[in-house]
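In what follows, a structure is listed as structure tokens, so that the remarks can point back to it.
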Amino acid sequence: MSFEGKVILITGASSGIGAATAEYLAKQDASLVLIGRNDEKLQKVVDSCLKSTNNVLKIIADVCIEADANRIIQGTISKFSKLNVLINSAGIIQSGSIETTTIEQYDRIFDVNVRALFRITQLCIPHLIATKGNIVNLSSVCGIRSFPNVLAYNMSKSAVDQFTNCVALELAEKGVRCNSVCPGVIKTELHKRGGMDDEAYERFLEHCKKTHALGRAGNVDEVAAAIAFLASDAASFITAVQLPVDGGRHAMCPR
Ligand code: NDP
């Protein structure tokens, strides 16, 4: 799998799945545009990618801010003159049920996970049509299956799946593919940033031995490999797919 000559934009590249995907694609010779807000963390990912590829553009940006979204696309085109792949990995989680989720939490989750993804994608579309490129969105097993007490997050990921399929059908005739990966629990900063303390997170990972058929939580590299496959020419006849990367979790039913 080579991405030589391909320009790939990754949101959420400063941490977790986005960072691992950047490093994975750098090793396949991709030219990368890496987006995040945390400059120090994003720079570490840039430095790591630069060991494999010379072409890395770092853009510090908040995907929820319109001016930043415009700056991301303008920066990409002015540096590389084209865009082949968009990977929407920026995302947040917060727990809460219908009884406990505040409307502010709901708005924040939808702002990052849905609205910003919609807007960034929209701005990229003319450039992706020009290259007959493709999009990979980070959904979740939470988009496919229903888990109580992560209500707004589950809803946001279902929206990502519907977005993925509609965009895939709308752009198929223009040669643009659009797919999602749907990870199970993957060891990253996501859950701790969403409010879990260290002890609760360790218990959560232990519980994953039961909730994932393969008996464990996943690693970022396992998701990066699936994203790279969908983004590559090896997936040239695959569009409108939600690919579980979840150790079989989506197929499990308690009994
Ligand atoms: P991390 O918390 O490790 O990384 C999240 C990334 O999103 C960071 O790079 C962060 O950048 C970025 N981000 C968040 N908000 C914004 C914003 N407003 N503007 C710009 N960047 C932003 O999480 P993961 O890597 O685990 O999550 C990546 C994606 O995978 C998410 O969409 C998540 O929902 C999904 N996912 C994760 C699973 C898991 O178990 N980890 C399971 C299923 C899906 P910065 O810190 O620089 O602001």
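Values in this document were obtained by computation on a predicted structure and should not be read as measured data. Just follow the structure's listing: the first ligand is 1, and inside any ligand the first atom is 1.
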Test item: [X] side-chain N/O and [Y] main-chain N/O as donor-acceptor pair under 3.5 Å:
X	Y	value
Q105	T102	yes
R115	C64	no
N134	V176	no
T239	C178	yes
D68	D62	yes

For [atom], which protein heavy atom lies nearest, and how many Å away is it?
atom	answer
atom 32 (O) of ligand 1	K157 NZ, 3.0 Å
atom 42 (C) of ligand 1	G184 O, 3.0 Å
atom 43 (C) of ligand 1	P183 O, 3.4 Å
atom 9 (O) of ligand 1	S14 OG, 2.8 Å
atom 24 (P) of ligand 1	T188 OG1, 3.6 Å
atom 34 (O) of ligand 1	Y153 OH, 2.6 Å
atom 3 (O) of ligand 1	S15 OG, 2.6 Å
atom 10 (C) of ligand 1	R193 NH1, 3.7 Å

Salt bridge (charged side-chain N to carboxylate O under 4.0 Å, His left out) evaluation trace for E199 with R203 | CA-CA 6 Å; E199 206 179 302; R203 279 201 306 274; 3.5 Å; yes
Backbone, side chain, both or neither: what part of [X] comes under 4.0 angstrom of ligand 1, heavy atoms only?
X	value
K41	neither
S139	backbone
D62	both
R37	both

Only pairs under 3.5 Å count here: list side-chain donor-acceptor contacts from residues 106-113, not counting sequence neighbours, and write none if there are none.
from	atom 1	to	atom 2	distance (Å)
N113	OD1	I92	N	2.9
N113	ND2	I92	O	2.9
N113	ND2	S156	OG	3.2

The one among [options] that brings a heavy atom closest to [atom]:
atom	options	result
atom 5 (C) of ligand 1	A20, G91, G16, G12	G91
atom 29 (C) of ligand 1	S89, A13, S180	S89
atom 22 (C) of ligand 1	A61, A90, G194	A90

Check: residues 186-195 side-chain donor-acceptor pairs under 3.5 Å, at least two apart:
from	atom 1	to	atom 2	distance (Å)
K187	NZ	N219	OD1	3.4
T188	OG1	L190	N	3.0
K192	NZ	D198	OD1	3.3

Give, for atom OG of S146 and atom CG of N154, the distance between the pair rounded to the nearest 0.5 Å.
->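 The distance works out to 6.0 Å.
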With heavy atoms of [X] as the reference, note each atom of ligand 1 found under 4.0 Å away.
X	value
G36	47 (O)
V185	40 (O)
L138	29 (C), 30 (O), 32 (O)

[X], any N or O under 3.5 Å of ligand 1 N or O:
X	answer
I186	yes
I17	yes
V63	yes
S140	no

For the hydrophobic clusters of this structure (ILVMFWY residues joined by side-chain heavy atoms under 4.5 Å, transitively), does one cluster hold both L243 and I8?
->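 Yes, L243 and I8 fall within the same hydrophobic cluster.
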Between K6 and D29, is there a side-chain N and carboxylate O pair less than 4.0 Å apart?
->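 No.
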Are D39 and Q43 linked by a side-chain donor-acceptor pair shorter than 3.5 Å?
->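 Short answer, no.
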Only one of L9, L138, I120 forms a side-chain contact (heavy atoms from CB on, under 4.5 Å) with N88, so which one is it?
->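 Going through L9, L138, I120 one by one, the side-chain contact (heavy atoms from CB on, under 4.5 Å) with N88 is satisfied by I120 alone.
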For L34, which of V56, T11, L57, I59 qualifies under side-chain contact (heavy atoms from CB on, under 4.5 Å)?
->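 By the side-chain contact (heavy atoms from CB on, under 4.5 Å) criterion, L34 pairs with just one of V56, T11, L57, I59: V56.
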Please verify whether a non-hydrogen atom of V112 lies at under 4.0 Å from ligand 1.
->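 Heavy atoms of V112 do come under 4.0 Å of ligand 1.
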